[in-house]
Protein chains: 2
Amino acid sequence: MTETEERPYHHGSLRDALLSAAEETLREQGQDELSLRELARQVGVSHAAPRRHFRDRQALLDALAISGFERLGEQLRQSIAAAEDDFASRLRAAVGTFVRFATQDAALLELMFSTKHREGAEPVREAAGSAFEHLPQLIEQGQDEGAIAPSTSPQSGIVLLATVQGIATLINGGMVEAGMLDELTDRAVEQFLRGNRPD
Amino acid sequence: MTETEERPYHHGSLRDALLSAAEETLREQGQDELSLRELARQVGVSHAAPRRHFRDRQALLDALAISGFERLGEQLRQSIAAAEDDFASRLRAAVGTFVRFATQDAALLELMFSTKHREGAEPVREAAGSAFEHLPQLIEQGQDEGAIAPSTSPQSGIVLLATVQGIATLINGGMVEAGMLDELTDRAVEQFLRGNRPD
DNA sequence: ACCTGAACACCGTTCAAGT
DNA sequence: ACCTGAACACCGTTCAAGT
């Protein structure tokens, strides 16, 4: 739909053009179908041009993961800000946002949490850290409100995060019916609240 | 280490030979490094020979995922059988087994729960179902023992499953330090038990 | 600085042909 | 039935050269 319009690149924003073409391909075709040469073709440059901006295919994938975390972080921030001020409302909003993001962009989720950027991809992990940076504060708020026990460690937040990621993965992989999404996430939140409630 | 011994194949067990070579490559090099041609070379047949047993690369990946689920299911069965008879012991044993499997074979875990076999890979999902088939019974046992509430639905089990998968994914992807593994899984189990306890 | 074109080594997949 | 060898179209990556 946005292929051969007027080519506003050729000099300006090759990097961005490649990235957004890649996002689209990732969403619609999956990671295996993502080819540097094909992207170059779509964007209208030679196959060697992307090299200036991404040293290799993995660098492109890393960049996609990073922009994914940035987008997710932004959405989390917004949904928390838009929710009621109490802990439970904010938590539910954040979890809902994450799970929606994760199931709407399955291939991207997979890429973001992939094994690939294990070594040498510090930036990806930093981006992941930033996306979830408000989580500890949220836990604190819950403790201050008395919604969860003061003994609740920040690691309980990580466990909840893992749960949501896992639910999305099970659904994206087809191991669990998509219709169960809401029920499972609701249950996960309830379990978290009950499992960490005071006294 | 098992490359060029005496080649006991050439007729017999090409399929098995390819599969086990693939498992090794997957574990040591990752999915991207997995090439049909290279496997054929390792096993000592022409590059077109694998075609007889795997119609394409995806079929090989599916077969790897299936054998992964079979192995995981077997390990789960054994660890449950070897544990004390009470619900909590069995649950902890099963969760520990899953998490160990998942972190020792990161690339395989990723493949097993991947988006790839979404359409047309019924066998993979069946294998996944078999691997976790004892989970509902385990939940029932917990209810019978009064360890968890009678209202606990089987879906709580899925949530726990998702949690463990998620923890492994976070660690395998380097987003969480590997040293936190035990702490996180313990916390996940405790939260599950507290979140579903009776009364 | 940014891009091109040719070149290299490697894929997955297909197909006629061999045993 | 099972495997081979050649062929096709496609990669990622590199590098000298152009503007």
Side-chain angles (χ1 to χ4, degrees), chain A residues 3-4 6-26 28-65 107 111 114-117 119-121, chain B residues 3-4 6-26 28-65 107 111 114-117 119-121:
Chain A
E3 284 88 51
T4 2
E6 295 298 327
R7 327 199 175 181
Y9 4 81
H10 253 8
H11 346 39
S13 46
L14 217 202
R15 200 191 125 100
D16 288 347
L18 287 169
L19 265 182
S20 74
E23 270 180 41
E24 191 180 328
T25 304
L26 183 63
E28 290 170 6
Q29 319 244 31
Q31 193 190 128
D32 290 352
E33 262 56 52
L34 204 58
S35 137
L36 283 178
R37 287 179 105 111
E38 176 60 29
L39 287 176
R41 247 173 262 131
Q42 280 179 33
V43 158
V45 293
S46 87
H47 66 264
R51 189 89 208 302
R52 291 289 127 189
H53 303 94
F54 304 103
R55 88 179 313 135
D56 57 20
R57 204 183 103 106
Q58 186 57 46
L60 193 254
L61 296 180
D62 288 349
L64 282 174
L111 183 58
S114 156
T115 304
K116 297 189 178 180
H117 17 251
E119 290 140 39
Chain B
E3 284 88 50
T4 1
E6 295 299 325
R7 325 199 177 180
Y9 1 81
H10 254 7
H11 343 42
S13 46
L14 216 201
R15 201 191 126 99
D16 288 348
L18 288 168
L19 265 181
S20 74
E23 269 181 42
E24 191 181 328
T25 304
L26 183 63
E28 290 170 7
Q29 321 243 30
Q31 192 190 129
D32 290 352
E33 263 54 53
L34 204 57
S35 136
L36 283 178
R37 287 180 104 110
E38 175 61 29
L39 288 175
R41 247 174 261 132
Q42 280 178 33
V43 156
V45 293
S46 88
H47 66 264
R51 190 85 210 303
R52 292 287 127 190
H53 303 94
F54 304 103
R55 88 177 314 136
D56 57 20
R57 203 183 105 106
Q58 186 58 46
L60 193 253
L61 296 180
D62 288 350
L64 282 173
L111 183 57
S114 158
T115 304
K116 296 188 178 180
H117 16 252
E119 289 141 38

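No hydrogens, no waters, no symmetry mates; every other heavy atom, side chains included, goes into these values.
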Determine whether any donor atom in the side chain of B:Arg37 lies under 3.5 Å from an acceptor atom in the base of C:dT13, or the reverse, and answer yes or no. yes
Write down the distance between CG (A:Leu39) and C1' (D:dC10), rounded to a whole number of angstrom. 14 Å
Hey, does the side chain of A:Ser35 come within less than 4.0 Å of D:dC10's phosphate (OP1/OP2), counting only N and O? no
Is B:Leu111 close to B:Gln31 at the side-chain level, that is, under 4.5 Å between some pair of heavy atoms? yes
Sugar-phosphate only, base, or nothing, as touched by B:Arg57 at under 4.0 Å among non-hydrogen atoms: sugar-phosphate
Exercise: identify the closest heavy-atom pair between A:Leu60 and A:Ala22: CD1-CB, 4.1 Å
At less than 3.5 Å, do the side-chain atoms of A:Arg52 and the base atoms of C:dT4 form a donor-acceptor pair? no
Would you check if the side chain of B:Ser35 reaches a backbone N or O of B:Glu38 as a donor-acceptor pair within less than 3.5 Å? yes
Separation of A:Arg15 atom CZ from C:dC3 atom C1', in whole Å? 17 Å
On DNA chain D, nearest-nucleotide positions of B:Ala49 versus A:Glu38: which is more 5'? B:Ala49
Would you kindly give the CG-to-C1' distance between A:Leu36 and D:dC10, to the nearest whole Å? 13 Å
Just the rounded figure in Å: distance from P of C:dG12 to CD of A:Glu33. 14 Å
Which sits closer to the 5' end of DNA chain C, B:Arg55 or A:Ala48, going by the nucleotide each is nearest to? A:Ala48
Determine the minimum heavy-atom distance between A:Phe54 and A:Leu19, stating which atoms define it. CZ-CG, 3.9 Å
Quick one: look up who D:dA9 pairs with, Watson-Crick or G-U, both distances under 3.5 Å, and put none if it's unpaired. none
Going from CG on A:Leu26 to CD on A:Gln29, what distance comes out if it is rounded to the nearest 0.5 angstrom? 10.0 Å
Rounded to whole Å, the CG-P distance (A:Asp32 to D:dC11) equals 13 Å
Measure CG/A:Leu61 against P/D:dG12 and give the value in whole Å, please. 10 Å
What is the distance, to the nearest angstrom, from the CG atom on A:Asp56 to the C1' atom on D:dC15? 16 Å
Please state whether the phosphate of D:dC10, meaning OP1 or OP2, lies under 4.0 angstrom from any side-chain nitrogen or oxygen of A:Arg41. no
When we call it a touch if two heavy atoms are under 4.0 Å apart, what does A:Ser46 touch: a base, just sugar-phosphate, or nothing? base
Whether A:Arg51 contacts D:dT14 is assessed here as follows: a side-chain N or O lying under 4.0 Å from the phosphate OP1 or OP2. Is that the case? yes
By the Watson-Crick or G-U definition, both distances under 3.5 Å, C:dA1 is matched with D:dT19
Separation of D:dG5 C1' from B:His47 NE2 (nearest whole Å): 7 Å
